[in-house]
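Residue numbers start from 1 in every chain, and the chains themselves are labelled A, B, ... in the order their sequence lines are given, proteins ahead of strands. For clarity, every value in this text was computed on a predicted model and none was experimentally measured.
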Amino acid sequence: MTAHATEIRHLSAHEGETVTLTGWVETTRSHGKVAFAVVRDGTGIVQCVFLKKELPESVWEALGDLTQESAVRVSGTVKPDDRAPGGYELGVSRLDVLSLAEDYPIQPKEHGVDFLLDHRHLWLRSSLQRASLKVRHEVEQAIHDFFYENDFVRIDTPILTGSIGEHAGTLFATDYFGENAYMAQTGQLYVETACPAFRRVYCFGPTFRAEKSKTRRHLTEFWMVEPEVAFADSDDNMRLQEAFVCSIVERALERCQEELEVLERDTSKLEVIRAPFPRISYTEAVEILHGKGSDIQWGEDLGAPDEALITEDHALPVFIYNYPKQAKAFYMKENPQDPRTVLCNDLLAPEGYGEIIGGSQREDDLDRLRERIREENLPEEAYGWYLDLRRYGSFVHSGFGLGVERTVAWITGRHHIREMIPFPRLMNRLTP
RNA sequence: UCCCGGGUAGCUCAGCUGGUUAGAGCAUCUGACUGUUAAUCAGAGGGUCGUCGGUUCGAGUCCGACCCCGGGAGCCA
């Protein structure tokens, strides 16, 4: 019988046939005359069964020398077996060792985070990491599909910038032919300018924050998706956020059942995510917090413990809207009903995952915006092109930014966002 | 930057009020075993106890400084 080359995910179509697989050895267990090897090929894992009496001596010896993560080609008969993870196993008739691996540092047991991050390039192969990154991939695809289906045009914004985003203190600077360049903190200012060209636009890319944060919610390099919509006010903005977040969660539930199971995610917590989400004004939130014993003063931004107190009462993500002006960025539109506040919102994920979205209606009045830039002591000359947007046909517009890693952490139920990106950049980690 | 916790074998950790030669499990190597799921059993090798200094007859253990890591705060997505 000719061995047919295939992949593990397709094994069910080859029951009883002899097939050839290529992949990496996860574990081996030998019992003298029968031995097992679990092989991963990137599409799944399968247990391979080796019987000494049915194999040439050379194959049996090669098996004995097999090390964890060696690359192999195996041929054998596909048979269903309830004892095997995946439901199928391979009765091996042939084994080619393509590359014998050296002693593999990561064992199938507990390791410390620091050790694992030092070996991130190898850790990616582990099952929980594969599952998380697969969910990330699906979330990213869901993001693109949502905007594509809703007639948004993707605008790729620059990573190297001359002017600045929000706060100069948290920008990474680099040399640009003798001039200072900064790594983008946000694509928002650029994406706003594309609104008059395409009406609905978004950018999606890495952003950089030189914040000395050491928490499970922070990375110095993270991915953010930032839509911007012309003639949309703050309420329209929140409705868009709801629909967007729901579509992402729905997609993960639809396409990542297997991964969420590996991650032991309680998917009932995700199945209830439906619009509309609760909307609580900042002022209401402060009152609620006072009722819960917090001593927050009106005007202060909500801290992480405050956010946790608010979200503990809700199974859905919660909007907190219209924060005090002094707690928010210069480009947010003043609230005509209450000029102490601006038209903006955060979206807090349930189960303690915290802020996954920050959004606002943008200040479209040239003089007001100029005034705010001065109040914040920002260099007005750097914002010339941004101010032009208010000179040539200014318009009501709104947008938001969603943090991909935080969103994936929530969906997967994992506790640290450093595992939600293939190669996390942290305050003290630049390699691998 | 601030507040906690930690640094002992390749990995994960134990090591009491300071006391003889530094402990375990896993991994590695040798051997046994025909159904294992982190297989099991027997044996072997493997240590700059984060670094420097101090106290002491004697320091992994006590003191000081520094380095590194983790958790949290602030800031934010």
Participant: What about A/Thr170, does its side chain sit under 3.5 Å from the base of B/C75 through a donor-acceptor pair?
Facilitator: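 No, the side chain and the base share no sub-3.5 Å donor-acceptor pair.
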Participant: Ignoring the backbone of A/Arg418, work out which of B/G35, B/G70, B/C11 is nearest its side chain.
Facilitator: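 Out of B/G35, B/G70, B/C11, the nucleotide with an atom closest to A/Arg418's side chain is B/G70.
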Participant: Let me know, please, whether A/Arg429 or A/Leu347 comes out on the 5' side of the other along RNA chain B by nearest nucleotide.
Facilitator: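 Between the two, 5'-proximity favours A/Arg429.
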Participant: Sticking with atom P, work out how far B/G46 lies from B/A39, rounded to a whole angstrom.
Facilitator: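 Straight-line distance between the two P atoms is 26 Å.
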Participant: I'd like to know if A/Lys52 reaches the base of B/U34 with its side chain such that a donor and an acceptor end up less than 3.5 angstrom apart.
Facilitator: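 It does not, because no donor-acceptor pair links the side chain of A/Lys52 to the base of B/U34 below 3.5 Å.
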Participant: Looking at the side chain of A/Glu307, which of B/G35, B/C76, B/G74 is the nearest nucleotide?
Facilitator: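 The closest nucleotide is B/C76.
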Participant: Taking any strand in view, what nucleotide pairs with B/A39 in a Watson-Crick or G-U wobble way, both distances under 3.5 Å?
Facilitator: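 Per the H-bond distance test, none.
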Participant: Could a donor-acceptor pair under 3.5 angstrom be found where the side chain of A/Glu110 meets the base of B/G25?
Facilitator: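 Check fails, no donor-acceptor contact within cut-off.
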Participant: From A/Glu7 CD over to A/Leu21 CG, what is the distance, rounded to the nearest 0.5 angstrom?
Facilitator: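 Nearest 0.5 Å value for the CD-CG distance: 9.0 Å.
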Participant: Measure from the side chain of A/Lys109, starting at C-beta and using heavy atoms only, and say which of B/A77, B/G74, B/C26 lies closest.
Facilitator: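 Of the candidates, B/C26 comes closest.
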Participant: What's the closest nucleotide to the side chain of A/Leu51 if the choices are B/G74, B/A77, B/U34?
Facilitator: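 For the A/Leu51 side chain, the nearest candidate turns out to be B/U34.
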Participant: Taking the C1' atom of each, how far is B/G54 from B/G18, in whole Å?
Facilitator: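 The same atom, C1', in both gives a distance of 15 Å.
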Participant: Mind calculating the distance between CD1 (A/Ile417) and P (B/G70) to the nearest angstrom?
Facilitator: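 So the two atoms are 14 Å apart, to the nearest Å.
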Participant: Expressed as a whole number of angstroms, how long is the span from A/Lys214:NZ to B/G5:P?
Facilitator: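 These atoms are roughly 15 Å apart.
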Participant: Given that both distances must come in under 3.5 Å, which nucleotide forms a Watson-Crick or G-U wobble pair with B/G46?
Facilitator: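 Partner of B/G46: none.
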Participant: For a quick check, tell me whether the side chain of A/His218 and the base of B/C76 share a donor-acceptor pair closer than 3.5 Å.
Facilitator: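 Answer is yes: a donor-acceptor pair is held.
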Participant: Whole angstrom is fine here: how far is it from CG in A/Leu171 over to P in B/A77?
Facilitator: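 These atoms are roughly 13 Å apart.
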Participant: Does B/A77 have OP1 or OP2 under 4.0 Å away from a side-chain N or O of A/Arg217?
Facilitator: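 For A/Arg217, the contact criterion (side-chain N or O under 4.0 Å from OP1 or OP2 of B/A77) is not met.
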Participant: Please determine which of A/Glu419, A/Glu26, A/Glu259 meets the salt bridge (Lys or Arg N to Asp or Glu O under 4.0 Å) test together with A/Arg130.
Facilitator: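 Among A/Glu419, A/Glu26, A/Glu259, the one that satisfies the salt bridge (Lys or Arg N to Asp or Glu O under 4.0 Å) with A/Arg130 is A/Glu26.
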Participant: In this structure, how many angstroms lie between the P atom of B/A77 and the CG atom of A/Asp301, rounded?
Facilitator: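 Value for this atom pair: 10 Å.
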Participant: Students often get this wrong, so: under 4.0 angstrom with heavy atoms, is A/Phe115 touching a base, only sugar-phosphate, or nothing?
Facilitator: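 Sugar-phosphate contact only - A/Phe115 comes under 4.0 Å of backbone atoms but never of a base.
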Participant: Looking only at side-chain N and O atoms, does A/Asn428 come under 4.0 Å of OP1 or OP2 in B/C68?
Facilitator: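 A/Asn428 to B/C68 OP1/OP2: no side-chain N or O under 4.0 Å.
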Participant: Check A/Tyr202, A/Phe277, A/Phe146 against A/Phe244 for a ring-ring contact (aromatic ring centres under 6.0 Å, His included) and give me the one that passes.
Facilitator: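 Among the candidates, only A/Phe146 passes.
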Participant: Is the base of B/U36 touched by the side chain of A/Gln47 through a donor-acceptor pair closer than 3.5 angstrom?
Facilitator: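 Per atom types, the contact qualifies.
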Participant: In whole Å, I'd like the distance from the CG atom of A/Leu348 to the P atom of B/A77.
Facilitator: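 Checked: the CG to P distance equals 12 Å.
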Participant: Less than 3.5 Å between a donor and an acceptor, one on the side chain of A/Arg406 and one on the base of B/C76, is that the case here?
Facilitator: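 Pair found.
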Participant: From C-beta outward on A/His111, which listed nucleotide comes closest to its side chain: B/A38, B/C33, B/C11?
Facilitator: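 Given the options B/A38, B/C33, B/C11, the side chain of A/His111 is closest to B/C11.
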Participant: How many Å lie between CG on A/Leu116 and C1' on B/C11, as a whole number?
Facilitator: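 Rounding to the nearest Å, CG of A/Leu116 and C1' of B/C11 are 10 Å apart.
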Participant: Is A/Phe36 stacked on the base of B/G35, meaning ring centres closer than 5.5 Å and planes within 30 degrees of each other?
Facilitator: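 No, the aromatic ring of A/Phe36 does not stack with the base.
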Participant: Over all heavy atoms of both residues, which pair between A/Ile248 and A/Ala142 is shortest? Give the atoms and the distance, please.
Facilitator: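 That would be CA-CB, 4.3 Å.
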Participant: Is there side-chain contact between A/Val72 and A/Thr22, with at least one heavy-atom pair below 4.5 Å?
Facilitator: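 Not in contact.
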Participant: Of the nucleotides B/A77, B/U36, B/G72, which has the atom closest to the A/Arg29 side chain?
Facilitator: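 Of B/A77, B/U36, B/G72, B/U36 is nearest to the side chain of A/Arg29.
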Participant: Hey, is A/Arg251 close enough to A/Glu138 for a salt bridge, meaning N to O under 4.0 Å?
Facilitator: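 Result for this pair is yes, salt bridge flagged.
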Participant: Partner of B/C33 by Watson-Crick or G-U wobble geometry, both contacts under 3.5 Å, or none?
Facilitator: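 Answer to the pairing question: none, since B/C33 forms no Watson-Crick or G-U pair.
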Participant: Under a 3.5 Å cut-off for both contacts, is B/A9 paired Watson-Crick or G-U wobble with anything, and if yes, with which nucleotide?
Facilitator: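 Partner of B/A9: none found under 3.5 Å.
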Participant: Starting at CG of A/Asp103 and ending at C1' of B/G45, how long is that distance when rounded to a whole Å?
Facilitator: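 Between C1' of B/G45 and CG of A/Asp103: 14 Å.
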Participant: Categorize A/Ala35 for me: base, sugar-phosphate, or nothing, with a 4.0 angstrom heavy-atom threshold over every strand shown.
Facilitator: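 Result for A/Ala35 = nothing.
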Participant: Both A/Leu402 and A/His416 contact RNA chain B. Taking the nearest nucleotide for each, which residue is further toward the 5' end?
Facilitator: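 Per heavy-atom nearest nucleotide, the more 5' residue is A/His416.
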Participant: CD of A/Glu300 versus C1' of B/C76: gap in Å, rounded?
Facilitator: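 Value for this atom pair: 17 Å.
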Participant: State whether the number of non-hydrogen atoms from other residues, nucleotides or ligands found under 6.0 Å of A/Arg73 atom CZ is greater than 12.
Facilitator: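 No, because the 6.0 Å sphere around CZ of A/Arg73 holds 12 heavy atoms or fewer from other groups.
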